[in-house]
There are 2 protein chains.
Amino acid sequence: MNAEPPLWRTIHAALARDLAEGAFPPGTPLPAERTLAARFGCAIGTVRRAVDELVAARALVRRQGRGTFVPDLGGDAAAADRTQFYFFHIARADGLRETPRTEMLDFASPLPCPEEHAGPLGLAPGAPMHRAQNLQHLQERPVMVEELWLPESLFPGLDAAGFAGREGTVYGLFQRRFGISVLRTEERLRAEAAAPDIAALLGLPPAHPVLRIRRVAYAIGDRPVELRLSWADTRAHEYFNRLD
Amino acid sequence: MNAEPPLWRTIHAALARDLAEGAFPPGTPLPAERTLAARFGCAIGTVRRAVDELVAARALVRRQGRGTFVPDLGGDAAAADRTQFYFFHIARADGLRETPRTEMLDFASPLPCPEEHAGPLGLAPGAPMHRAQNLQHLQERPVMVEELWLPESLFPGLDAAGFAGREGTVYGLFQRRFGISVLRTEERLRAEAAAPDIAALLGLPPAHPVLRIRRVAYAIGDRPVELRLSWADTRAHEYFNRLD
DNA sequence: TTCGATTTGTTCGTATGTATT
DNA sequence: TAATACATACGAACAAATCGA
């Protein structure tokens with residue numbers, strides 16, 4: 001008849017809503033599974049099923065003996081590295097993945113949202129945005145130019161000093177300062193001839209082929225929070241993608 | 001002391017081994033969960049946990065009321081489409097994903113394994129291989145040149161007629177005829193200037209930037225089974241990648 | 001160092017619901 | 001309709017990891 005959703009799915013949705021609201025800051029554990037089971041009036045196995053889904057979606061991590069946590073994207077060096085390598089896909093042609101060094105080139109705000117960025121971010125054209133430009137280095141050589149577009153409404157008060165002075169990754173900053181946990185991204189890649197400014201920054205001959213990446217980053221609830229354009233020099237590096 | 005693995009992991013390994021040997025052909029169900037539980041001498045929940053892992057890895061699919069199956073990569077049109085879109089990442093710039101039309105350009109066998117392909121495939125340089133060349137069309141326009149390298153030892157007797165005359169996808173052919181289920185791939189992308197032959201096939205100006213993709217496909221047990229080089233025209237199309 | 005409390009991880013068994021044949 | 005198979009939900013017991021007294 002009605003086909004109501006399974007109980008574990010209802011609980012999953014309730015937890016996801018709480019997570020989206022930042023109800024559980026990273027570093028402090030969620031209520032224990034028994035506690036949640038009592039709160040939802042269900043068996044512990046049902047809670048576990050709901051949490052399993054959130055763990056699979058990288059929204060939560062479990063630690064035996066300690067509790068269940070929102071992943072800390074910038075906790076220690078190891079956590080920062082995991083985040084880095086999960087979202088940073090440029091590797092040396094021989095397969096080695098190194099941690100890049102980031103050099104900030106520019107930070108401008110507010111800028112009106114360009115027409116072509118409004119749709120993917122769910123914004124009105126002209127909405128106020130921050131724009132940051134970075135140069136990523138591997139082995140002290142520039143390999144990728146990045147242009148980040150961030151809605152001012154989601155990142156209020158962010159400025160050049162706050163952006164450049166962060167500790168850890170950009171997504172760690174999103175989480176710590178604005179309570180935004182990036183869970184997934186969509187990337188579209190194409191080959192194009194390098195524009196003069198890009199070629200100059202990367203030390204490329206004019207119009208040399210570069211890999212252009214357009215990324216949209218999403219937080220819980222598939223809310224788009226960032227649009228990022230990148231141009232990579234793929235003479236000695238490649239974009240690495242593993243599909244499971 | 002010893003820290004033996006959990007029971008469900010042992011069962012998972014046993015099932016994965018059986019799957020790698022082709023013990024369960026697509027279309028016929030695995031033994032029911034109760035049967036497996038009895039065979040392994042454990043509770044049904046433990047079997048479910050092991051199967052859960054294989055389902056997550058796309059090695060199995062469950063169908064309520066019917067049973068658990070090895071996915072049929074070329075069963076009906078819908079299954080073929082799912083396989084297609086899981087492994088075919090070229091989409092129109094507006095985001096629309098269409099089914100490509102494949103035109104075979106060449107099939108050569110045996111050819112000695114090139115030096116640079118031997119390592120990724122776990123072969124000795126010079127080992128006999130098949131090489132197929134395809135041209136992929138979207139909306140009746142050529143968008144990607146493909147070069148497939150297949151170890152003869154894994155695909156014995158494959159020839160041009162068998163390759164071109166297949167029904168459905170290439171990976172469906174691998175599975176039906178050779179019992180090889182491709183589960184995951186690794187791809188490395190770079191931008192480069194189109195070689196003359198590539199440019200001619202794609203209708204590009206000489207040395208126009210193209211997206212080069214180098215894919216290694218893996219079956220159960222992380223066994224590499226195919227190396228594929230592709231060159232895509234990204235003037236009107238893009239490589240689409242969703243990271244969860 | 002030891003011990004106990006807490007929390008997640010594993011395994012068991014059972015009952016009932018839903019989809020398919 | 002009946003039988004079969006997976007899906008959901010419950011509850012219990014013990015193991016393993018963690019942390020603080």
Side-chain angles (χ1 to χ4, degrees), chain A residues 1-15 18-19 24-72 75-76 78-79, chain B residues 1-15 18-19 24-72 75-76 78-79:
Chain A
M1 287 277 277
N2 50 0
E4 56 189 28
L7 179 53
W8 69 264
R9 194 168 283 284
T10 307
I11 296 172
H12 171 272
L15 291 175
D18 290 346
L19 289 171
F24 309 110
T28 66
L30 264 68
E33 293 172 345
R34 277 188 181 77
T35 310
L36 288 174
R39 179 177 306 175
F40 289 113
C42 69
I44 191 174
T46 307
V47 168
R48 283 187 68 82
R49 176 66 199 270
V51 173
D52 281 345
E53 298 288 314
L54 292 162
V55 169
R58 294 166 36 90
L60 291 175
V61 293
R62 290 202 236 242
R63 301 195 203 179
Q64 186 177 163
R66 296 188 54 194
T68 304
F69 301 81
V70 173
D72 190 339
D76 49 13
Chain B
M1 287 278 276
N2 50 2
E4 56 189 26
L7 180 51
W8 68 264
R9 195 168 281 284
T10 307
I11 296 172
H12 171 273
L15 290 175
D18 290 346
L19 290 171
F24 309 111
T28 66
L30 263 69
E33 293 174 344
R34 276 190 183 77
T35 310
L36 288 174
R39 178 177 305 174
F40 289 112
C42 70
I44 190 174
T46 307
V47 168
R48 281 189 67 83
R49 176 66 200 269
V51 173
D52 281 345
E53 297 288 314
L54 293 162
V55 169
R58 293 166 37 89
L60 291 175
V61 293
R62 290 200 234 245
R63 302 198 204 178
Q64 185 176 166
R66 295 188 57 194
T68 303
F69 301 81
V70 173
D72 189 341
D76 50 13

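Please read these numbers as outputs of a predicted model, since none were measured by experiment. Quick note on labels: first sequence line is chain A, next is B, and so on, each numbered from 1.
Across all strands shown, B/Gly45 has no heavy atoms under 4.0 Å from either base or sugar-phosphate atoms.
If B/Arg34 and A/Ala43 are placed on DNA chain D by their nearest nucleotide, the residue sitting closer to the 5' end is B/Arg34. Residue B/Thr35 is the one, among B/Thr35 and A/Gly41, whose nearest nucleotide of DNA chain D lies closer to the 5' end (criterion: closest heavy atom).
The CG atom of B/Leu60 sits 17 Å away from the C1' atom of D/dA7 (whole-angstrom rounding). Atoms CD1 (A/Ile44) and P (D/dA13) sit 13 Å apart, rounded to a whole Å. Rounded to an integer number of Å, the gap from A/Phe69 CZ to C/dT7 P is 11 Å. Atom CH2 of B/Trp8 is separated from atom C1' of C/dG13 by 21 Å (rounded to the nearest Å). The separation between B/Arg49 atom CZ and C/dC12 atom P is 13 Å, rounded to whole Å. Going from atom CZ of A/Arg9 over to atom C1' of D/dA7 covers 12 Å, rounded to whole Å. Going from atom CG of A/Leu54 over to atom C1' of C/dT8 covers 16 Å, rounded to whole Å.
For B/Gln64, taking side-chain heavy atoms from C-beta onward, the closest of the listed nucleotides D/dT18, C/dT21, D/dA7 is D/dA7. The side chain of A/Ala32 approaches C/dT8 more closely than any other nucleotide in the set D/dA5, C/dT8, C/dC12. Checking C/dT8, D/dA7, D/dC19 against every side-chain atom of B/Arg48, the shortest atom distance belongs to D/dA7. For B/Glu33, the side-chain atoms get nearest to D/dA7 when compared with the rest of C/dG9, C/dG13, D/dA7. For A/Leu7, counting side-chain heavy atoms from C-beta on, the closest listed nucleotide (C/dT8, C/dT14, D/dC10) is D/dC10. Distance from the side chain of B/Arg66 is smallest for C/dT20 among the nucleotides C/dT11, C/dT20, D/dT18.
For B/Thr68, a side-chain nitrogen or oxygen approaches OP1 or OP2 of D/dC6 to under 4.0 Å. Proximity of A/Thr46 to the phosphate of D/dC10: a side-chain N or O atom is located under 4.0 Å from OP1 or OP2.
With rounding to the nearest 0.5 Å, the separation of CG in A/Leu15 from CG in A/Leu60 is 7.5 Å.
Shortest non-hydrogen contact noted between A/Pro29 and A/Arg66 is CB-O, 4.5 Å. Scanning both residues, A/Leu19 and A/Phe24, for their nearest heavy atoms gives CD2-CD1, 3.6 Å. Of all heavy-atom pairs spanning B/Arg58 and B/Pro71, the tightest one is O-CG, 3.5 Å. Closest non-hydrogen pair, A/Phe40 versus A/Ala14, comes out as CE2-CB, 4.0 Å.
Pairing for D/dA16 goes to C/dT7, judged as Watson-Crick or G-U wobble with the two contacts each under 3.5 Å.
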